[in-house]
There are 2 protein chains.
Amino acid sequence: MLEKSALILNSFLPDGGPYRLSELVARTGLSKPTAHRLTADLTRLGWLERTGAHYRLGAKLFELGALVPRRRDLRETALPFLQDLFEATHEIVHLGVREGLDVVYLERIHGHNAIWLPSRIGGSLPLTCTGVGKALLAFSDAELTERVLSQPLPRLTPYTITDPEQLRTSLEQTQVSGLAYEEQEAAKGVSCIAAPVFVAGTAVAALSVAVPRARFRPAQLAPAVRTAALGLSRALRGGTR
Amino acid sequence: MLEKSALILNSFLPDGGPYRLSELVARTGLSKPTAHRLTADLTRLGWLERTGAHYRLGAKLFELGALVPRRRDLRETALPFLQDLFEATHEIVHLGVREGLDVVYLERIHGHNAIWLPSRIGGSLPLTCTGVGKALLAFSDAELTERVLSQPLPRLTPYTITDPEQLRTSLEQTQVSGLAYEEQEAAKGVSCIAAPVFVAGTAVAALSVAVPRARFRPAQLAPAVRTAALGLSRALRGGTR
DNA sequence: ATCTTTGTTCCATGACGCGGAACAGTGCGG
DNA sequence: CCGCACTGTTCCGCGTCATGGAACAAAGAT
């Protein structure tokens, strides 16, 4: 019952629908009457919304999701630093954390005419081909790095690094510089520079700036990203101090 | 089963816990074994998280909540305008929509040393004592206004307007000016100016700037808020045009 | 050390979730 | 205009699994 409801709701990942009843049946493997009854129940609870034949995730989930402490608290204290970074660069700014072998984005702010990127708030991407992901991976347990490098590296663009050794040297470079670079590995034509956020010696998050390749100027961006990451690290350590 | 799970999750509103099992039992009215079993199930699904004796809302809800189309789409197209408004003012910027007799906040951005406000992303406040709420109410059906005015107006501060006639004239003023003012009605020491966002003649959202009373300069803020609201209106109407 | 509160396990009962099947509504193509 | 295919909805008998009282264990409190 609960598990079947979770099947339905999870079938909206990663892009949120909308889906018709028969599509949900196909995606979940539930029987038609069961899916029908459950979608009706979920709609009454506000977890789904129905317009005509189309089901979408419901507003109640938005309210609950915004309260999730592990996400909300970090996002809240990070926001001023993300704003600083945006104001300094006027490029797309990300905040992300690690979840298993993926990065989950907690925040993503941008201005007008923002270029397309696969990153979404609440969405996940591989650690291996994103700026935020590489910053997190470079400062995680060596054990995790080995696990990631030992399996095939997912490819998002023709420029995605899929050779483990090449990725390893890239990670080693960020370990010495404290900055992760990513060039067209997640989206064609866009490069990215990221820095980890440390609390008690472990990288708990990372933030990044994504820039169209044409106007990618690492020398300008690096100090801004590093400054924001250090500021956030300090804020997380010391409370409001 | 589903309903009881919803009882548990909803009992985390409005501030997200954490709660112990016995607190959840008290908040939901469920029996102890049932609550125990359901929290275990919800934890397996990632809808709750447990650290020691404390339950919190889980990361899966954050992922699902971020996908809710009715919230995500509006937030996404509004963000650049909210950034403009923040950059112009460096004060707390809100985006909200109406949900019943409340306003629900979709976005809330701020810088360092932000003052305290009761508004939270995903949280709701009365339409009657918030800038965003008054902007929405002033441009809704007269029927809704009458319904709101006919019942006792909730009070958040000593300055909250609780006299229906006083609120009515305030709403009439915003109808002619296109701007809603709120002075210490939601939080002591903070004033707010808001403007509605129109699509096809109806106010679908509103955005606002909240400012410490000491440096509240309406003449500076009004054009910025109005400009952002008009820009967002146009963007919602015309797509990317 | 005793009492109180909280968390966990067990189990007999029966409520209700389940899905096959049959029906109704919708849209498409001939 | 009619039939066909598909989707959505209702029905209902079966059997599963959720339910909560009770008893037990663990953790604080006095």
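Chain naming here is simple, since letters A, B, ... match the order of the sequence lines and numbering starts at 1 in each.
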NE2 of B:His54 versus C1' of D:dA27: gap in Å, rounded?
-> 13 Å
Tell me: NE2 of A:His36 to C1' of D:dC11, nearest whole Å?
-> 13 Å
The side-chain contact (heavy atoms from CB on, under 4.5 Å) partner of B:Leu30 among B:Thr39, B:Leu7, B:Val25, B:Leu24 is B:Leu7
Return each pair, listed once, that meets salt bridge (charged side-chain N to carboxylate O under 4.0 Å, His left out) where at least one residue sits in residues 24-41 of chain B; pairs must be two or more places apart or across chains.
-> B:Asp41-B:Arg44
In the 5' to 3' direction, the nucleotides of DNA chain C bounding the stretch that comes under 4.0 Å of a heavy atom in chain B are C:dT6 to C:dT9
End-to-end bend of the helix from C:dA1-D:dT30 to C:dG30-D:dC1 (five-pair axes, 10° rounding)?
-> 40°
Kindly write out the residues that satisfy salt bridge (Lys or Arg N to Asp or Glu O under 4.0 Å) with A:Glu143, not counting sequence neighbours, or none if the list is empty.
-> A:Arg147
Derivation and outcome, side-chain contact (heavy atoms from CB on, under 4.5 Å), residues A:Val148 and A:Thr145 = CA-CA 5 Å; A:Val148 169; A:Thr145 308; 5.8 Å; no
4.5 Å side-chain heavy-atom contact, B:Trp47 and A:Leu9 | yes
Below 3.5 Å between N/O atoms, which protein atoms pair up with nucleotides 18-25 of chain D? Just atom names and distances, please.
unit_1	atom_1	unit_2	atom_2	d
D:dT19	OP1	B:Lys4	NZ	3.3
D:dT19	OP2	B:Arg37	NH1	2.8
D:dG20	OP2	B:Ser31	OG	3.3
D:dG20	OP2	B:Thr34	OG1	2.6

Please step through salt bridge (Lys or Arg N to Asp or Glu O under 4.0 Å) for the pair A:Glu76 and B:Arg120, ending with a clear verdict.
-> CA-CA 10 Å; A:Glu76 181 77 8; B:Arg120 298 275 173 266; 5.3 Å; no
Residue list, side-chain hydrogen bond (donor to acceptor under 3.5 Å, both in side chains) with [X], at least two apart or on another chain:
| X | value |
| --- | --- |
| B:Thr130 | none |
| A:Gln184 | none |
| B:Ser31 | B:Thr34 |

Please output the side-chain donor-acceptor pairs of residues 51-64 of chain A that fall under 3.5 Å, not counting sequence neighbours, one pair per line with the distance.
unit_1	atom_1	unit_2	atom_2	d
A:Thr51	OG1	A:Arg56	NH2	3.4
A:Tyr55	OH	A:Arg50	NH1	3.4

Taking only residues two or more places apart in sequence, or in another chain, which ones meet B:Pro154 in a side chain to side chain contact (heavy atoms under 4.5 Å, CB included)?
-> B:Pro126, B:Thr128
Name the orientation class of the two ring planes belonging to B:His94 and B:Tyr105 (parallel below 30°, tilted from 30 to 60°, perpendicular beyond 60°).
-> tilted
Which of residues 5-13 of chain A sit near DNA chain C, with a heavy atom under 4.0 Å from it?
-> none
ring-ring contact (aromatic ring centres under 6.0 Å, His included) partners for A:Phe12, two or more places apart | A:Tyr19
